[in-house]
Amino acid sequence: MLTLTRYADIVLPLAQPAYTFAVPDDVTVEVGDAVSVQFGPRRYYTGIVWRLHDERPPVKRVKSILRKLCDRPLLSQAQCDLWEWMASYYLCTLGEVMRCALPALMKPSADSDAQLLDDEFHPRTERYFSLAEPYASDEQALGEQLDRFERRAPRLYEALLEVASNEGLRSRGEVARRLLSAESTPLLTLCRKGILTLHEHPRSEDYTAGQFRLPVLSEVQRQALATLQAEFAAGKTASLLYGVTGSGKTEIYIHLIAEVLARGGDVLLLVPEIALTAQLIERMERIFGSRVTAYHSRLTDHRRSQTYLQLNRSQGGEFVVGVRSSIFLPLKHLQLIIVDEEHDASYKQTEPAPRYEARDVAVYVAHQQGIHALLGSATPSLETWYNARRGKYGLASLTERYGGAALPTLYLSDIRRAARRNERGGHFNKLLLDKIGQTLERGEQVILFQNRRGFALYLECPECGWTARCPECNVSLTYHKQRNQLLCHYCGHTAEAMTRCPSCRVVELQPMGFGTEKLEEQLAEFFPEARIARLDRDSVTSERAFNAIIADFAARRTDLLVGTQMVTKGFDFEGVALVGVLNADNLLNNPDFRATERAFQLLTQVAGRAGRRSTQGEVVIQTADPHHPILQQVLQGDYEQMAAALLSERSDFGYPPFARLTMVTLRHRDLSLLRRGAVAFTDQLRARFGRRVAGPVPPPVDRIRGEYLLSVRLKIEAGASLGRANTLLREALQMMAQHPDFKSITISVNVDPQ
Ligand code: ADP
Ligand code: ZN
Ligand code: ZN
């Protein structure tokens with residue numbers, strides 16, 4: 001009798017190619033299944049079945065799959081295709097894609113295979129409220145209770161009134177949370193007081209459009225929505241929603257999301273990697289209830305695995321709000337991907353491989369699955385803008401803020417001129433100090449932005465010029481006063497902060513430059529009455545700490561918020577009337593070719609936090625170079641002019657979107673070996689690519705954690721064959737990996753560096 005032994009190529013969460021295992025007779029597997037295998041002496045891994053075949057691999061003993069871990073495949077065919085594409089486009093292995101795509105618990109590697117996937121199906125529930133007795137049957141009792149609240153507890157009054165007057169309550173005796181606009185706190189208080197009762201029911205499957213309370217759109221918003229709908233109907237894969245800050249892009253998303261959910265499709269809303277997602281998720285939950293699934297890095301591993309498995313079983317109608325890695329979730333009825341703040345740098349994964357850009361992947365997925373991608377921003381990336389302008393993407397614009405709120409008034413405040421006139425206090429120009437004072441007096445709030453944390457950028461000896469540097473990295477150490485420490489922002493190395501210069505031993509070290517910590521200290525001196533909070537990586541030690549800082553500021557328990565990049569993103573606080581940027585110059589004086597684009601985006605976004613409601617907002621940007629063209633464009637709020645100018649520059653010099661860059665970084669402790677290896681690598685590339693190769697050169701920080709770095713850049717014209725370029729690049733990487741000396745060099749490849 002002929003026995004057919006079958007084999008399966010299994011992808012393991014390692015930077016290795018797929019390995020072939022035998023499929024035992026009593027195990028049935030299909031492509032996409034998760035299986036347990038033993039690999040290496042006494043190491044067990046979860047692997048994904050990638051290919052089934054009958055080709056016995058040329059080794060003595062073929063190991064067998066131990067067992068199947070899940071009763072249905074973890075990956076659909078579309079997901080397998082996506083992984084393949086990512087490995088090939090971003091030049092990494094399928095195993096590296098797996099490491100990044102699956103939640104940690106789903107790919108345990110251990111010295112026993114005891115761990116099993118928790119594959120129980122927990123049905124999702126949603127919250128309903130009903131009136132408790134006697135209020136449900138006795139209208140008079142209800143009326144009296146309402147009267148009492150009306151005078152003493154207006155928030156409870158409004159929440160109770162909303163529940164009591166809801167149609168659903170009348171007909172079914174209870175009302176879904178998602179149909180109420182009341183906030184959660186008063187609703188839960190009413191439950192505690194025994195006036196309302198809370199029920200959890202399995203999630204409703206009835207989601208016809210009428211089941212959502214959608215915001216009523218303004219005329220311009222309706223037009224933008226209609227434009228997007230028409231473009232999608234006409235077959236555009238991707239569209240850009242270009243809308244100034246506060247114009248109501250979110251409201252347009254909501255309408256598009258409701259449409260898809262009502263017909264049973266899935267929606268993915270990608271948001272930048274910031275703790276602020278909580279605000280947006282809460283907003284979405286109030287409309288879409290338990291359809292909303294949050295997916296971000298602050299969830300526990302268990303929760304993320306559970307989410308993955310739940311979605312994997314879903315019949316459709318899912319709405320995921322998540323950070324970049326949610327692009328890997330098993331949404332089988334996906335119809336729409338929205339990328340909010342599509343210009344945001346956190347969509348790019350920089351470490352480890354795959355170094356992917358989630359916005360680009362979203363557009364790829366939309367194209368691959370024949371669905372739609374919507375990219376939203378007030379300051380689109382030049383790549384997206386370029387694609388929209390030449391008609392590759394659709395384009396809808398919102399040029400005014402919702403409700404007639406005016407865009408803020410901007411002032412450029414010259415640091416050098418203020419210094420000459422003695423109009424400086426600490427790191428503030430008089431203009432900014434005056435405006436802070438006036439704003440606080442009016443009882444309004446202020447946000448101040450400085451893109452460095454810590455107290456001083458470094459300590460320097462005024463006598464001999466000595467500065468404290470990291471022993472492992474080629475950077476100076478940042479001085480953190482509260483902790484009294486010097487800290488390396490690259491490797492985390494810490495040292496006790498010394499006062500005397502350790503080199504000449506004569507004088508005291510001077511703190512040079514400034515970070516958020518120092519600003520906080522100066523503000524406390526200038527405005528002793530003000531309640532000041534700081535938002536940066538030092539003050540945000542946990543999600544709880546972050547939420548507390550935000551909640552205090554939102555409730556106006558603090559007046560002044562000083563922070564790094566964290567304060568620039570997506571906040572919607574109605575009390576903020578003034579935004580100050582302490583030093584715009586360190587955004588502009590950056591060697592990166594994207595520096596000016598990023599500076600424009602960041603300044604416009606941070607300015608957009610001011611005056612989002614009725615009051616006229618103000619923004620003061622301090623700079624030593626007020627005539628810098630980018631600052632002038634920020635001042636005029638002229639994104640389109642900025643984009644046109646930068647695109648023409650990029651075209652002249654052959655930068656993205658007119659070329660594609662790939663950055664290869666080589667690292668080793670031994671500088672001379674590294675140099676020789678980098679030269680050999682570059683020579684091989686140059687033989688194929690000629691002048692498209694630049695380097696090797698040391699990057700701006702050329703030593704990190706004791707390893708030296710050299711980088712090589714490859715620039716390919718837009719329109720040239722990427723497949724061919726990647727093949728040649730792979731060959732050069734292969735040569736290095738097989739070379740007796742150079743194989744110890746760590747090489748990382750970054751396609752489309754940000
Ligand atoms: P963006 O995302 O474009 O910055 P948002 O969607 O956050 O703008 O809207 C700004 C503010 O205006 C929000 O507080 C939002 O609730 C409000 N808003 C915008 N459009 C509407 C609308 N159609 N109805 C009610 N409120 C709206
Ligand atoms: Zn000295
Ligand atoms: Zn260091």
Side-chain angles (χ1 to χ4, degrees), residues 181 213-225 241-257 269 271-272 276 279-280 282-284 286-287 338-342 344 374 376-380 396-405 407 458-478 485-495 498-510 554 568-576 604-614 617 701-707 709:
S181 61
R213 261 180 328 102
L214 301 184
V216 179
L217 297 185
S218 69
E219 187 48 38
V220 275
Q221 291 174 339
R222 238 195 324 273
Q223 277 167 22
L225 177 65
L241 175 56
Y242 163 53
V244 299
T245 53
S247 58
K249 292 183 288 296
T250 317
E251 278 66 24
I252 294 187
Y253 301 159
I254 289 170
H255 278 259
L256 290 167
I257 293 161
L269 170 59
V271 292
L276 220 106
Q279 243 188 4
L280 183 66
E282 156 102 30
R283 196 163 156 193
M284 291 301 179
R286 279 207 221 154
I287 294 171
I338 301 173
V339 186
D340 189 27
E341 308 290 358
E342 65 88 34
D344 196 280
L374 177 63
S377 176
T379 52
S397 313
L398 292 170
T399 51
E400 51 191 66
R401 282 188 158 182
Y402 174 76
L407 283 166
Y458 52 96
L459 293 179
E460 190 180 80
C461 170
E463 201 52 41
C464 70
W466 181 92
T467 59
R469 301 190 70 81
C470 177
E472 294 289 303
C473 311
N474 192 9
V475 291
S476 47
L477 296 171
T478 306
Q485 267 182 343
L486 292 165
L487 182 63
C488 172
H489 286 187
Y490 280 81
C491 72
H493 171 88
T494 58
M498 56 294 259
T499 45
R500 234 157 242 298
C501 170
S503 173
C504 66
R505 291 169 200 284
V506 229
V507 289
E508 301 220 331
L509 293 168
Q510 293 294 316
T568 65
K569 297 185 179 180
F571 284 117
D572 189 14
F573 296 122
E574 48 183 339
V576 176
T604 306
Q605 292 288 344
V606 70
R609 302 309 121 214
R612 288 174 67 89
R613 295 300 190 282
S614 43
V701 176
D702 59 2
R703 188 162 161 260
I704 297 178
R705 291 194 176 88
E707 286 185 314
L709 279 72

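All ligand and atom numbering here is 1-based and tracks the order in the structure.
Here the side chain of Lys249 pairs no donor or acceptor atom with the backbone of Gly376 at under 3.5 angstrom. Formation of a donor-acceptor pair under 3.5 Å by the His255 side chain with backbone atoms of Pro215 is found in this model. Side-chain atoms of Glu472 come within 3.5 Å of backbone atoms of Gly706 as a donor-acceptor pair (strictly under, hydrogens ignored). The backbone N or O of Val244 lies less than 3.5 Å from no partner atom in the side chain of Glu400, so there is not a single donor-acceptor pair. No side-chain donor-acceptor contact under 3.5 Å links Arg703 to the backbone of Val475.
The closest heavy-atom contact to atom 20 (N) of ligand 1, among the options Arg222, Lys249, Gln221, comes from Gln221. Of the candidates Gly248, Gly608, Ser377, it is Gly248 that places a heavy atom closest to atom 9 (O) of ligand 1.
The two residues Ile704 and Leu709 make their nearest non-hydrogen contact at N-CD1, 3.8 Å.
The tally of protein N/O/S atoms under 2.8 Å from the Zn ion (ligand 2) stands at 4.
Ligand 1 is never approached by Gly243 to a heavy-atom distance shorter than 4.0 Å.
Contact check for Cys491 versus Cys470: side-chain heavy atoms found under the 4.5 Å cut-off.
Electrostatic pairing of Arg283 and Glu251 counts as a salt bridge here, judged by a charged N lying under 4.0 Å from a carboxylate O.
Only the backbone of Val216 comes within 4.0 Å of ligand 1, counting heavy atoms alone; no side-chain atom from C-beta on gets that close. If you look at Arg401 next to ligand 1, there are no close heavy atoms at all, none under 4.0 Å. By the criterion of a heavy-atom distance under 4.0 Å, the side chain of Arg283, and not its backbone, is placed next to ligand 1.
At a cut-off of 2.8 Å, measuring from the Zn ion (ligand 3), the protein N, O or S atoms that fall short of it are Cys470 SG, Cys473 SG, Cys488 SG, Cys491 SG, waters left aside.
Checked against Leu269 for a side-chain contact (heavy atoms from CB on, under 4.5 Å), the options Val339, Leu256, Ile338, Thr250 give a single hit: Ile338.
Residue Thr245 holds its OG1 atom at 11.5 Å from CG of Leu398, rounded to the nearest 0.5 Å. Atom CD1 of residue Ile254 and atom CG of residue Leu225 lie 11.5 Å apart, to the nearest 0.5 angstrom. Going from atom OG of Ser476 over to atom NE2 of His489 covers 10.0 Å, rounded to the nearest 0.5 Å.
Remark: ligand 1 atoms within the under-4.0 Å shell around heavy atoms of Thr250 are 2 (O), 5 (P), 6 (O), 7 (O). Atoms of ligand 1 found under 4.0 Å from any heavy atom of Leu217, numbered from 1 in the order shown, are 23 (N).
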Kindly determine whether Cys464 and Cys501 satisfy side chain to side chain contact (heavy atoms under 4.5 Å, CB included), including the steps that lead there.
-> CA-CA 9 Å; Cys464 70; Cys501 170; 3.7 Å; yes
